[in-house]
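As structure tokens, the structure follows; a few thoughts come after it.
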Amino acid sequence: MSAPWSGQGCEGTLKGERKREPGRRGQTCHQCPLSCVKIKVVNYAPFTLLPSAVPSALFEQAYAVQQDFNLLVDAISQNKEFLERTLASTIKVDDFTAQLFRIYTQVLEEGLAQSVFLGINRSDYMFDCGVDGTPALKQIEINTIAASFGGLTSRTAAVHGRVLKVLGKSKEASRLLPNNPSKGLALGIAKAWELYGSQSAVVMFLVEEDQRNIFDQRCIENELWDRNIRVIRKRFRDVFEKGSLDDARRLYMDGQEVAVVYYREGYMPKNYDQQNWEARLLLERSRAVKCPDIATQLAGTKKVQQELSRPGTLERLLSGHAEAVTRIRATFAGLYSLDMTGQGDGDEHSRRPPPADEGDRACGRRGSGWGGRAGHALLGVRSPSSSSAEQFKRKQKKMHLCGRALVKHQGASALAFY
């Protein structure tokens, strides 16, 4: 009997065939059962074995404010002057944001062909415990592109329910809240497909070259198939090689009209080479509903989040929505730029202590969240008495520990709402 087949790193032509691995005397490598197929290691998605308790008041607060945040992101994406002014310093030093902004301005100058807009935004929170131990809801970021784990989250409530029952905790299991984000996300995509107005058009999932989160995406995809909406999966490379626009700027892939482009890719600099940038421009110029369009992606940068924390900004963007402004501002942690120029808070930071009891967050250079230029801002620096670096290291550890304790019962890594 042969040893178990591992599959990793093997390319095979005959089932069960064994061959010696070059350069390793006496060792063998099992062949893949399928001809010319590379087998890669399958990773499982980590999840909590048991659900975590979330104070009901904070849960309801996060639920209530999500529509306000969606309204805010939409308002930002439509405000060219605000985006230009807010990102002016960022595009001078960050090539990724600058390229996104160039496509944004080019599409505006040409004239928008897209008339239907779809946003899928995920807002992430942690709890800030005050001196008296009272928890407060503080937003870490809002993801405006490729917000993931809606699919897997739809499955974890059932897992937690089963685990609790096995442990004899049926009463606790009955208190788990139903949660099916994949259905809700699919309903949004389906509505955009319907408004596009072509029954024969398809929904295109724009995906990465190497799919590490494919099953999360499949949950949403299957919901669309159940509604008789055809789904195709393509990469930037496919769009560059096979994508085209007709005179009305309808998007076609392999001869199929595309109604909705759902981005699960394109949020990091490493996602792009010159061909991929050209493919992104083609998509943005098209009539297809992009989720998100490039303006909405820009609305999700850390620099925008910093600007929103300034007095009066929310009021200008959400004029006539005073209650929404109040709900949104209640979730803000302090955000301070490390930019030492007149456009930042660096000079003020050394003189003025920020609000107390708010945690740090360093900005990741990531497009799917209030993610901006690395090291460009700190979220809620508590004390000006020590260096920013020391504060960040100390509070990063604190926030990491809090994060593990605040996993939502559906299995997300933080309290998160779509």
Side-chain angles (χ1 to χ4, degrees), residues 43 73 76-77 83-84 86-108 119-122 124 140-149 204-214 216-217 233-241 243 261-286 290-307 335 337-339 341 343-344 361-379 392 396 413:
N43 296 316
V73 170
I76 294 170
S77 70
L83 286 174
E84 284 181 336
T86 301
L87 298 175
S89 61
T90 304
I91 62 179
K92 292 178 181 178
V93 295
D94 186 84
D95 292 338
F96 177 63
T97 305
Q99 185 61 36
L100 290 173
F101 198 82
R102 278 192 288 270
I103 294 176
Y104 165 66
T105 54
Q106 181 176 340
V107 170
L108 285 182
I120 293 177
N121 307 316
R122 193 193 72 218
D124 298 339
I140 301 303
E141 64 178 5
I142 188 166
N143 297 268
T144 61
I145 179 173
S148 60
F149 296 119
M204 181 172 76
F205 281 40
L206 192 81
V207 298
E208 297 173 302
E209 291 284 340
D210 294 319
Q211 289 299 293
R212 297 184 65 250
N213 202 16
I214 188 171
D216 180 60
Q217 300 164 16
R233 300 173 62 85
K234 299 294 180 181
R235 301 158 296 184
F236 271 129
R237 174 157 51 97
D238 301 317
V239 175
F240 177 80
E241 294 174 352
V261 178
Y262 176 41
Y263 285 100
R264 295 299 296 253
E265 159 81 312
Y267 53 86
M268 298 180 70
K270 69 178 184 179
N271 299 147
Y272 292 91
D273 54 22
Q274 185 57 40
Q275 288 187 352
N276 288 3
W277 280 121
E278 292 182 26
R280 181 68 188 267
L281 176 59
L282 179 77
L283 296 175
E284 294 299 325
R285 292 181 62 241
S286 76
K290 273 76 67 180
C291 182
D293 64 303
I294 204 162
T296 302
Q297 182 173 353
L298 288 169
T301 59
K302 182 63 72 177
K303 187 64 177 175
V304 166
Q305 185 184 13
Q306 177 199 338
E307 186 64 24
L335 188 70
S337 171
L338 298 183
D339 187 353
T341 69
Q343 295 179 323
R361 177 177 173 84
C363 310
R365 190 180 174 189
R366 191 167 170 244
S368 67
W370 297 114
R373 183 168 171 245
H376 190 70
L378 288 178
L379 181 62
F392 171 63
Q396 183 186 42
S413 60

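The shown structure was predicted, so the numbers you read here are calculated from the model rather than taken from an experiment. Numbers here are sequence positions counted from 1.
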message: The test is side chain to side chain contact (heavy atoms under 4.5 Å, CB included); show your working for L100 and R280 and say whether it passes.
response: CA-CA 9 Å; L100 290 173; R280 181 68 188 267; 3.9 Å; yes
- request: Run the salt-bridge test on D124 and R122 with the 4.0 Å N-O cut-off and return the result as yes or no.
  value: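 So D124 pairs with R122 through a salt bridge.
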field: Candidates D95, D94, V93 - the one meeting side chain to side chain contact (heavy atoms under 4.5 Å, CB included) with T97
entry: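 Answer after filtering D95, D94, V93: D94.
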query: Among E307, K92, K303, whose side chain to side chain contact (heavy atoms under 4.5 Å, CB included) with L87 holds?
result: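 Answer to the side chain to side chain contact (heavy atoms under 4.5 Å, CB included) test with L87 among E307, K92, K303: K303.
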List in chain and number order the residues that pass side chain to side chain donor-acceptor pair (under 3.5 Å) with [X], two or more places apart in sequence or in another chain; answer none if no residue qualifies.
X	answer
Q211	Q217, R233
R102	Q99
Y104	none
R285	E110

Please report the interatomic distance [atom1]([X]) to [atom2]([Y]), rounded to the nearest 0.5 Å.
X	Y	atom1	atom2	result
T86	I76	OG1	CD1	8.0 Å
L282	W277	CG	CH2	14.5 Å
C291	L206	SG	CG	12.0 Å
I103	L108	CD1	CG	12.0 Å
Y262	F205	OH	CZ	6.0 Å
R264	I145	CZ	CD1	10.5 Å

task: Give the intermediate values and the outcome of side chain to side chain contact (heavy atoms under 4.5 Å, CB included) for residues L298 and V304.
output: CA-CA 8 Å; L298 288 169; V304 166; over 6 Å; no
Within the side chain of [X], is there an N or O that forms a donor-acceptor pair under 3.5 Å with the backbone of [Y]?
X	Y	answer
Y272	G266	yes
T105	F101	yes
K290	L283	yes

task: Mind listing the closest non-hydrogen atom pair of S77 and A295 along with its distance?
output: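 Reported closest heavy-atom pair: O-CB, 3.4 Å.
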- request: Looking only at non-hydrogen atoms, find the nearest pair between V207 and E265 and report the distance.
  value: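 Here V207 and E265 meet closest at C-CB, 3.8 Å.
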Evaluation steps, side chain to side chain contact (heavy atoms under 4.5 Å, CB included), between V239 and M204: CA-CA 10 Å; V239 175; M204 181 172 76; 4.1 Å; yes
message: What I'd like to find out is whether the side chain of I142 reaches to under 4.5 Å of the side chain of V73, using heavy atoms alone.
response: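 Answer yes - side chains close enough.
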- request: Go through D273 and N276 one step at a time and tell me if the side chain to side chain contact (heavy atoms under 4.5 Å, CB included) criterion holds.
  value: CA-CA 5 Å; D273 54 22; N276 288 3; 3.3 Å; yes
task: Output all residues satisfying ring-ring contact (aromatic ring centres under 6.0 Å, His included) with Y263, sequence neighbours left out; order by chain, then residue number.
output: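 Y263 satisfies ring-ring contact (aromatic ring centres under 6.0 Å, His included) with no other residue.
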field: Those residues that, when tested against R235, pass salt bridge (Lys or Arg N to Asp or Glu O under 4.0 Å) (two or more places apart)
entry: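 Testing R235 for salt bridge (Lys or Arg N to Asp or Glu O under 4.0 Å), a comparison that skips the adjacent residues, returns E209, D238.
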